[in-house]
Amino acid sequence: MPPFSQSNPLSTAFTQNHHKLDKTNHHSPTNIVTIDVGGQLFQTTKQTLTLAGSNTLFSNLFNSPNQIPFIDRDPDLFSIILSLLRTGNLPSKSKSFDIQDIIFEAQFYGIHHLLVQSHSNPSQFEPFNLEKSMLLPVNGRDPVSVIATTPVGSVHVSHGSKITSFDWALRRKSTVLTRFAAIDSLLSLSPNVVAAGATDFSGLQIIDLDSGFLKQSLNWENMTKSSSTVQAIGKSSEFLFTSFESGRRNSNSIMVYDVNDGFRVVLEIARNEIFGADLDSSVLKMPATKLNWVPSLNLLMAAGSHSGPSGVSGNIKFWDIRSGEIAWEIKEKADCFADITVSDTLSAVFKIGINSGDVSYIDFRHIDSVNSWNSVGGEKKPMNGKKEGLGCKIESHGNQVFCSKEGELEVCSEVLMGGGVKVEDGEDERVFRKNLLGRTKDVGGNRVTNLGFSGSKMFVTRRDQQCVEVWDSSRRGF
């Protein structure tokens, strides 16, 4: 542990060196500042130091302009702190230090918030440099069921009836016991608050993971007054979306809550009541099992599928929350989605076909046309009667789409090229390519069950595994 890490830096470790500054340096228009840290001199500018903020140790360095300030700390660690101030990122040499030491130093200097921002910076995500860096184990015998990442780099992991949280530095923070037997849906609302639900337990629970306190339980009142289980959760900056199904499975709905007003009910959409044994009716009125908000379109994608005697059918609906009406609808029959995701950055919806296992997309610019799916590989795979896409996962992050098949992971990226084949509106035809992500079968080769992203990291879970794989793409930091 660094010295004085638990002390008040302004009163115990910050003193003034009585060596006078050269007058020419003092009057230099470059505003150069010299600092003595543990006997080693550093030079920087006032502008760099002010990036730390007003209520930090650095804000006091200008009080005695004729003296070189002395800070009784480790100079090697200070060089890391200074690089963080200069660039906003940790330098590559920081990998040779224990992250706990860097955390203590950042807290000492009052710039812990900058360290968190650096660690969770999405610009550091480089998909083709992803390498598995560590495993996050969870206690107990239950495998990981679902994960929820946060913008600050932390991740929450559900296993059995418990949720274990890892902070931005991926240190185990807490484990709380919930009322669920198992958790099927988990969504981070803030770094310490999650929404959790299950397909066999009534209600959506809002849980404070720092205290283990159940803040609120949200329920949907269905026609039969039975329980309301959670099928999917999604969110925007303003709203929380929850897909409910009645305990008798004869009605479902999507509730819209205001996250900034105590989860007040704003709207109910997609309410369905199923009567009798009409198969066609049940297919059209299936509950949504995937919810994605599309910020650029201000639409909510709600997708659900149904397996019947004739195969798997599904619906993909894009809802206008302002009007409560459907803006677009895509009906799935021949090769229904096994999983589906939306990429707002790529302006497209992507799916893995349940029969073909093929990754395909529909461009939002042409979603009003025939709604035909375009294969990412250029040619659609022939279907051989097997469900090649069963259990596959697909998620988007930034400019890439990640998909899994069995134990392997692929990344789909758009190839930017002008002067290509034109589509109906005169725009270039889009070309995507798939690349295998290194050796991804080395943890038993088990099927991938969850994909999550935060900062420079990708989080992967596999069937029957009691840990989370962390894949890091950052060339700087940890």
Check your understanding: Could you walk me through whether F402 and F453 pass the ring pair (Phe, Tyr, Trp, His ring centres under 6.0 Å) check?
Key -> CA-CA 11 Å; F402 295 82; F453 304 88; 4.9 Å; yes

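A salt bridge (charged side-chain N to carboxylate O under 4.0 Å, His left out) check over residues 213-224, counting only residues at least two apart or in different chains, returns the pairs E221-K225. For residues 165-177, every residue pair satisfying the salt bridge (charged side-chain N to carboxylate O under 4.0 Å, His left out) rule, not counting sequence neighbours, is listed here: D167-R171, K173-D210. Among pairs with a residue in residues 129-188, those fulfilling ring pair (Phe, Tyr, Trp, His ring centres under 6.0 Å) read H112-W168, H119-W168, F180-F201, at least two apart in sequence or across chains. Pairs of residues two or more places apart, or lying in two chains, that qualify as salt bridge (charged side-chain N to carboxylate O under 4.0 Å, His left out) and include a residue from residues 134-161 are D142-K162. Sorted by first then second residue, the salt bridge (charged side-chain N to carboxylate O under 4.0 Å, His left out) pairs that include residues 185-195, not counting sequence neighbours, number zero.
In terms of the salt bridge (Lys or Arg N to Asp or Glu O under 4.0 Å) criterion, residue partners of D339 (sequence neighbours excluded) are, by chain and number, K290.
Closest heavy-atom contact between T149 and S188: O-CB, 3.4 Å.
For the pair F459 and N450, the minimum side-chain heavy-atom distance is 4.5 Å or more.
Remark: the backbone N or O of V342 is paired with a side-chain donor or acceptor of S396 at under 3.5 angstrom.
Below 30°, between 30° and 60°, or above 60°: for F125 and H397 the angle between ring planes is above 60°, a perpendicular geometry.
Figure legend: K351 and W373 shown as a cation-pi pair, the cationic atom lying under 6.0 angstrom from the six-membered ring centre and within 45 degrees of its axis.
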